[in-house]
Amino acid sequence: MISYDAGKVEEKWQKKWDSTKLNRVNLNSKKPKFYNLVMFPYPSGDKLHVGHWYNYGAADSYGRYIRMKGYNVFEPMGFDSFGLPAENYAIKTKVPPKESTDKNVAYMIKQLTRIGTIYDWDKSVMTSLPEYYKWTQWIFLELYKRGLAYKKNAPVNWCNSCKTVLANEQAEGGICERCKNQVVQKNLEQWFLKITDYSEKLLDRTGLDWPEKTILMQRNWIGRSEGINFREKVKDLDIWFEVYDSVPQTFIAQTFTVIAPDHPLISKLVKGTKYEKSVMEFVEDIKKKKMANKFNIETDMEGIFTGRYVENPFGKGDLPIWIASFVLAEYGTGVVNCSAHDERDFAFAKKYGIPLRIAMLPPDEKEAEKVKNFEYCYHHANNGVLQDPVEFKGRKWGEAREDIINYIEKKGFGKKSTNYKLRDWLISRQRYWGAPIPIVYDPNGNPHPIPEKYLPWELPTDVDFKPTGESPIVHSNEFFKRTEKIFGKGWRPEVDTMDTFMCSSWYFLRYPCNKMGKKPFDRKIVDKWLPVDMYIGGAEHACMHLLYARFLNMALYDMGHIGFKEPFKRLVHQGTVTKDGAKMSKTKGNVVSPDGFVDKYGSDVFRMYLMFMGPFTEGGDWSDKGITGIARFVERFWKMISEGSEKVIDRGLLGKNINKLIKKVTEDIEELHFNTALAAFMEFINFASKNGIDKTCKKIITQLITPFAPHLAEECHEKIGGKYSVSFSKWPGYDPKLVQDDLTKIGVQVNGKLRGEIEISKDASQEEALKLARANENVMRYLAQGQVVKEIYVSGRIVGFVVK
RNA sequence: GGGCGAGUGGCGGAACUGGUAGACGCGCUAGCCUUAGGAGCUAGUGGCCUUGCCGUGAGGGUUCGAGUCCCUCCUCGCCCACCA
């Protein structure tokens, strides 16, 4: 028999919260602030799926808890509403992106409200609104002013049959998603942000309470390495190469030099020589293969001799210059010196018969002999004994690094240098549904920033969504006319839009300032409210959103617009909810919709079931099997409050158990261990159903359940005569004296094996404990088998005997 | 190939700094209640050759004592993978 009607109750309270404006936040409150943020969703046409609920429900529970702890909690929600899916949808259906996006947003707000979250919708943002992207453009211009935004030629994925640029996701495996033709690389003039200026600052993690793994991922992504830049002259030519080497210990073994196939100096190297034709053909061939994504970097290693040499750099002879397919033009200097002590170099030399030299040997003589005969590549770094240069003979590879670097500098071979893997952020998208890049070109093609007074530089709407594959923006008369009208005849607008990551890199600044018309944010307000105290979102953003947002925040800080360097103080990644072990996705057709379950069991039950699945950061595989357990729990909870016997059998025990519960729930929420907190509630109910429960405890447990099941809590609170609203009541504290049991059962071990159990006072002495343990019949039998050589008592834990 | 993380009943998962492994829930079994039950209640539920023995992926080690610490291996997951 169901006595608690979740559907009715939840609707009732959602209406009341709305009509009483319960969750509106006064940003000027004197209470201590807490900015509780969760990554905002993309408003897709699909409904919210289980993953959203998993994430938003738990994050809201945390926010509700913090609010009851007395903080002024700011928990906003918005929409990352620019992006490709809406545009593709428009191409398919001719519904303009704005229309479908608005519709999706309206629907999602309904769904999000149904969760019972405390979002203050007054403070919402939507990145595709002109009032928002005006400021995204403003930020771009600020960066441009300071040289942090610039234009250069860069390759894009291009489909020759669709005649369009493709995003990486649309070009997976080098195949066009739409027509299944080969994708090629094509060079286009595009805009970049100079994130590389912040490589060093982005490595700094001071004050960040972030998962170690995420910090590590960012560090690897930035990829700082220190080494030597050798400076070397090409023989017979007035060309100098800079050659980067991050492992210079074996530099003296270098016997040849390789350069990237797309190195700009190649044609100069071979011009007029007998090598010119074959080299240039080789270069073209490799480029073509790479462009067509036909080049397998794992297995294909190709090279060609240029006929040129690097002039006797270390006094050991000239180094032949080769072109090698594996060298990257964009890392380091695009030129590498090779030696026998690098596996790839070694393989290359073997393939093309290039002479090698040894500078390091293994300590084992037999092995050393093999290495001397070039039987294999010896790179077993730490054990390696250096042979050459003589100054270092006998020293270990592992410890000689610093000295060798100094030696190289002293000799004048090269200079210390630092390199990063991080590249500048390409923000140009040859797409319609994004914020237009606020740049115009004069008749000579020179770029000019659009003055602030013309912002927002609005996205044109006189466009036709035909599946031509080209961005519809190119065909907007209004856009081009507008440009000429303002700037003059022959002027053209930039037709590319910005990467949506640009829009999502600063939204957290806009939330508390969302209605401001004259500026993106107010320094006083953001300095008060940021950094974000708790940021919850997916781990997949480690090297994208989370890095971009930090970069932009730092840049704004350096410009003096804001007073904090880092945007997110504490970061937590929710786990992924899978279905049959696979990520939920539309294409796989394994997306689970929450709606049916919410209809049947109610939003509280659904939220709690997801939290009960396991630790929040672990995620798990979706199964609808256990949800009845939580439904029963809610039913029993309601019964306990509404008709639970107030004839208490053991008052003392009740007091203890409620205090224990407060402690457990409090600590578990702090650590986001919602699953064990819920288990504790269940234990308490099991206890109370036998023991009875008094009014005070009813009130306390109602407060405790509020973050987990806000609707149920309001209903219970009202039932027991509480004043609206329980969600602003003060979080209960516990009496530390009452959470400890006076008597505990502990085990008795003999030689490490459990042989008995005794009940003992928590502050019993060792003597008492041992005496009690010896009195145990079973323990006695085992003690009789020999001499007791050691006695152990760990207070409140265990008694142990060692018998010989 | 490199980095990180994880392997506990039929299932999801508990177990704080090493100290009674399996909390809580699902499922299952029996009973009660009921015209009936895919509702509710009560009891039970790691395995076995059951005075006891064995059990946290496998094998070794440290310890009075190991799911927890150390070494080797296996399996799975995620991220990065031509970075000189």
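Numbers restart at 1 for each chain; the letters A, B, ... are given by sequence-line order, proteins then strands.
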Separation between the C1' atoms of B:rC24 and B:rA14, rounded to whole Å: 7 Å
NZ/A:Lys350: more than 12 non-hydrogen atoms of other groups inside 6.0 Å: yes
A:Asn675 side chain near B:rA14 phosphate (N/O to OP1/OP2, under 4.0 Å): yes
hbond_proxy A:Arg632 side chain to B:rC26 base (donor-acceptor, 3.5 Å cutoff): no
Sugar-phosphate only, base, or nothing, as touched by A:Ser225 at under 4.0 Å among non-hydrogen atoms: sugar-phosphate
Nearest-neighbour nucleotide for the A:Tyr331 side chain, B:rA84, B:rG13, B:rG12 considered: B:rA84
Validation row: A:Tyr4, A:Phe637 side chains within 4.5 angstrom (heavy atoms): no
Under 4.0 angstrom between A:Asn686 side-chain N/O and B:rG25 OP1 or OP2: yes
Sugar-phosphate, base or nothing in reach of A:Asp345, heavy atoms under 4.0 Å: nothing
Polar contact flag, side-chain donor to acceptor under 3.5 angstrom, A:Gln218-A:Arg550: yes
Separation of the C1' atoms in B:rC33 and B:rG27, to the nearest angstrom: 22 Å
Who pairs with B:rU56 - Watson-Crick or G-U, where each distance is under 3.5 Å: none
5' priority, RNA chain B, between A:Thr628 and A:Gly223 [closest heavy atom]: A:Thr628
Sugar-phosphate, base or nothing in reach of A:Asn220, heavy atoms under 4.0 Å: nothing
Check: A:Asp345/A:Ser339 side-chain N/O donor and acceptor closer than 3.5 Å: no
Sugar-phosphate, base or nothing in reach of A:Asp621, heavy atoms under 4.0 Å: nothing
Listed nucleotide nearest any side-chain atom of A:Val802, set B:rC24, B:rC64, B:rA84: B:rC64
Side chain of A:Glu757 (C-beta onward), nearest among B:rG19, B:rU20, B:rC80: B:rU20
Side chain to side chain, A:Arg636 and A:Asn686, heavy atoms closer than 4.5 Å: yes
Side chain of A:Phe612 - closest among B:rA81, B:rC24, B:rG13: B:rC24
Value rounded to 0.5 Å, distance of CD1 in A:Ile304 from CD1 in A:Ile321: 14.0 Å
Aromatic plane relationship, A:Trp322 with A:Tyr352 - under 30° parallel, 30 to 60° tilted, over 60° perpendicular: tilted
Close residues, residues 246-264 of chain A, relative to RNA chain B [heavy-atom separation under 4.0 Å]: A:Ser246, A:Val247
Separation of the C1' atoms in B:rC28 and B:rU35, to the nearest angstrom: 27 Å
Whether A:Trp425 and A:Tyr548 hold their rings parallel, tilted or perpendicular, with breakpoints at 30° and 60°: parallel
Side chain of A:Thr676 - closest among B:rA14, B:rA81, B:rG19: B:rA14
P spacing across the pair B:rC74 / B:rG67, given as an integer number of angstrom: 23 Å
Earlier contact from the 5' end, RNA chain B, for A:Gly620 and A:Thr333: A:Gly620
Span that lies between the C1' atom of B:rU63 and that of B:rU45, in whole angstrom: 34 Å
Sugar-phosphate only, base, or nothing, as touched by A:Gln749 at under 4.0 Å among non-hydrogen atoms: base
Identify all pairs in which a protein N or O lies below 3.5 Å from an N or O of nucleotides 51-56 of chain B, and state each distance.
unit_1 : atom_1 : unit_2   : atom_2 : d
B:rG52 : OP1    : A:Arg781 : NH2    : 3.2
B:rC53 : OP1    : A:Arg755 : NH1    : 3.4
B:rC53 : OP2    : A:Arg755 : NH1    : 3.3

Pairwise C1' distance, B:rG47 and B:rG10 [rounded to whole Å]: 13 Å
Parallel, tilted or perpendicular, as decided by the 30° and 60° cut-offs, for the rings of A:Tyr309 and A:Phe305: perpendicular
B:rG40 base / A:Glu635 side chain donor-acceptor hit below 3.5 Å: no
Candidates B:rC82, B:rA14, B:rU20 - which lies nearest the side chain of A:Leu754: B:rU20
Shortest side-chain distance from A:Met682, nucleotide among B:rC24, B:rU20, B:rA84: B:rC24
A:Glu767-A:Tyr793 side chain donor-acceptor pair, cut-off 3.5 Å: no
